[in-house]
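Right, one structure below, let's go through it.
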Amino acid sequence: MRVNDAAALAERLSVEMVMGGNIPPWIMRFTKAAGKAINHYSMIQEGETVILGISGGKDSLALALALSLRLKWLPISYKLHGLHIDWEEYPVPDQKLTALRRYFDLLGIPLETVRASMFPESFDGKFNCYLCSRNRRRIFFEKARELGVRKIALGHHLDDIVETTMINLFFRGQFDSMQPVQDFFGGDLFVIRPMCEVRESIIHRLTSALDLPVVKPDCPYHETNIRARLKPIVRELSHIDRYAREHVYNALNFPTDLMKSLQR
């Protein structure tokens, strides 16, 4: 168990307490970090509906909490719609699915669950991280079009962006990464990543302190994929310079006007 995890457990927090206004300073800082990124990249505008891509993992649950808390003091209003994918090959047990729905009820966010295959016929028997990600994105895009929504928020955090940058640099010869705001189909749809400046360690602490109802099934490549093997390297770099992650992120120099330039 991480030191931060043990400290968080000792705080004996609950989602009910936090949503009721008893918000510890470190959770407030986490929420404001997501809000800072939203404002910096103009991710969400007044009156919009945003689909939250909910895998059931810690990252997407933390994102839902941040966006729900943020609405409590914002001068603008937007709507959130949670979309949870329940894979046919790894179905979520009823008890855990009930806990997940209760969590979203506490957040005041409607949650929709769709059942889908992790290995669709179009894969022709192939499976890897890229295909899995594309499959999830397809489901989110289809639901967005069905609901007439243009924004899909995903729970990628700072460590995800740093690790993706390293994968692209070391194994593809490109200095590139996933972006805070990414357009698809000529600006018809946008993927936004409000936690792009939040460290994964903060999300671990949040998960432990609030006992979030994580229900994400184990990935078949969880222990062997390149991203998992890069995590200890990133941690070692941060021991040399505590801001190593932020240095990589800042070097990407994402344009702050990306959303404004792409939106119709």
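Note: hydrogens, waters and symmetry copies are ignored here, and every other heavy atom, side chains too, is used.
- Phe170 and Ile240 are assigned to two separate hydrophobic clusters, defined by single-linkage of ILVMFWY side chains at heavy-atom distances under 4.5 Å.
- Environment of NZ in Lys231: crowded, with over 12 heavy atoms of neighbouring residues, nucleotides or ligands closer than 6.0 Å.
- Annotation: the span from Ile44 atom CD1 to Ser77 atom OG amounts to 11.0 Å, rounded to 0.5 Å.
- Qualifying salt bridge (Lys or Arg N to Asp or Glu O under 4.0 Å) partners for Asp59, counting only residues two or more places apart in sequence or in other chains: none.
- Of the possible polar contacts, none joining the Arg193 side chain to the Ala37 backbone as a donor-acceptor pair under 3.5 Å is found.
- Taking the side chain as every heavy atom from C-beta outward, Arg235 and Arg245 approach each other to under 4.5 Å.
- Evaluation of the salt bridge (Lys or Arg N to Asp or Glu O under 4.0 Å) rule for Arg199 yields Glu246 as partners, not counting sequence neighbours.
- Within a 6.0 Å radius of CD in Glu16, more than 12 heavy atoms belonging to other residues, nucleotides or ligands are found.
- A salt bridge is defined here as a Lys NZ or Arg NE, NH1 or NH2 lying under 4.0 Å from an Asp or Glu carboxylate O, and Glu48 with Lys151 meets this definition.
- Between the side chain of Ser60 and the backbone N or O of Gly57 there is at least one donor-acceptor pair closer than 3.5 Å.
- To the nearest 0.5 Å, the span separating CD1 on Ile233 from OG on Ser238 amounts to 12.0 Å.
- Heavy atoms from other residues, nucleotides or ligands lying under 6.0 Å from CZ of Arg115 number more than 12.
- Residues in residues 127-145 take part in these salt bridge (Lys or Arg N to Asp or Glu O under 4.0 Å) pairs, two or more places apart or across chains: Glu112-Lys143, Arg138-Glu142, Lys143-Glu146.
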task = Carefully, step by step, assess Phe104 and Leu106 under the rule side chain to side chain contact (heavy atoms under 4.5 Å, CB included).
result = CA-CA 5 Å; Phe104 276 83; Leu106 290 172; over 6 Å; no
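- At most 12 non-hydrogen atoms from other residues, nucleotides or ligands lie less than 6.0 angstrom from CG of Asp94.
- Phe190 and Val181 make their closest contact through CD2-CG1, 4.1 Å (heavy atoms, listed as atom of the first residue, atom of the second, distance).
- Looking only at side-chain heavy atoms (C-beta outward), Leu189 and Phe140 stay at 4.5 Å or farther from each other.
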task = Applying side chain to side chain contact (heavy atoms under 4.5 Å, CB included), run through Leu71 and Leu80 and close with a yes or a no.
result = CA-CA 10 Å; Leu71 280 172; Leu80 301 171; 4.2 Å; yes
message = Could you go through Glu163 and Val234, starting from their C-alpha distance and side-chain angles, then the distance that decides it, and tell me whether this counts as side chain to side chain contact (heavy atoms under 4.5 Å, CB included)?
response = CA-CA 8 Å; Glu163 291 155 11; Val234 174; 4.2 Å; yes
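- Ile152 places none of its side-chain heavy atoms less than 4.5 Å from the side chain of Ile192.
- Put simply, the side chain of Lys58 never gets that close to the backbone of Leu212: no donor and acceptor are under 3.5 Å apart.
- Side chains of Ser117 and Glu89: a donor-acceptor N/O pair is present below 3.5 angstrom, by distance only.
- Formation of a donor-acceptor pair under 3.5 Å by the Thr31 side chain with backbone atoms of Arg70 is not found in this model.
- In this structure a side-chain-to-backbone donor-acceptor pair under 3.5 Å is missing from Asn168 to Phe175.
- If you take CG on Leu252 and CD1 on Ile161, they are separated by 7.5 Å, rounding to the nearest 0.5 Å.
- Contact annotation: the side chain of Met43 approaches that of Pro194 to within less than 4.5 Å [non-hydrogen atoms, C-beta and beyond].
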Worked check of side chain to side chain contact (heavy atoms under 4.5 Å, CB included) between Leu169 and Asp176 = CA-CA 7 Å; Leu169 180 62; Asp176 194 11; over 6 Å; no
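- Atom CZ in Arg205 sits 15.5 Å away from atom CD in Glu200 (nearest 0.5 Å).
- Remark: side-chain polar atoms of Ser42 are not paired, donor with acceptor, to backbone N or O of Ile38 under 3.5 angstrom.
- Residues Leu147 and Ile51 come closest through the heavy atom pair CD1-CD1, 4.2 Å.
- Residues Leu69 and Ile27 meet the side-chain proximity criterion, which asks for heavy atoms closer than 4.5 Å.
- Here the straight-line distance linking atom CG of Leu210 with atom CG of Leu61 works out to 10.5 Å at 0.5 Å rounding.
- Counting heavy atoms from C-beta outward, Val92 and His84 have side chains that approach closer than 4.5 Å.
- Across every non-hydrogen atom of Ile23 and Met28, the tightest pair is CG2-N, 3.8 Å.
- Nearest heavy atoms, Ile109 versus Ser68: CD1-CB, 4.1 Å.
- Rounding to the nearest 0.5 Å places SG of Cys196 at 11.0 Å from CG of Asp160.
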query = Can you check side-chain hydrogen bond (donor to acceptor under 3.5 Å, both in side chains) on Arg150 and Thr49, steps first, answer last?
reply = CA-CA 8 Å; Arg150 298 180 65 193; Thr49 296; over 6 Å; no
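- Residues Thr207 and Val214 have side chains in contact (heavy-atom distance under 4.5 Å, counting atoms from C-beta outward).
- Atom OH of Tyr243 has 12 or fewer neighbouring heavy atoms from other residues, nucleotides or ligands inside a 6.0 Å radius.
- Connection of Val191 to Phe185 is established within a shared hydrophobic cluster, with ILVMFWY side chains joined at heavy-atom distances below 4.5 Å, either directly or through further cluster members.
- Within the 4.5 Å cutoff, no side-chain heavy atoms of Val215 are placed close to those of Tyr90.
- Here the two rings, on Phe184 and Phe141, have centers that are under 6.0 Å apart.
- Side-chain atoms of Tyr249 and Glu197 form a donor-acceptor pair, as typed in the model, at a separation below 3.5 Å.
- The shortest non-hydrogen separation linking Val198 to His157 is O-CB, 3.2 Å.
- Looking at every heavy atom in both residues, Ile202 comes nearest to Trp26 through O-CZ3, 4.3 Å.
- Checked by atom type and distance alone, the side chain of Asn39 pairs as donor or acceptor with a backbone atom of Gly35 at under 3.5 Å.
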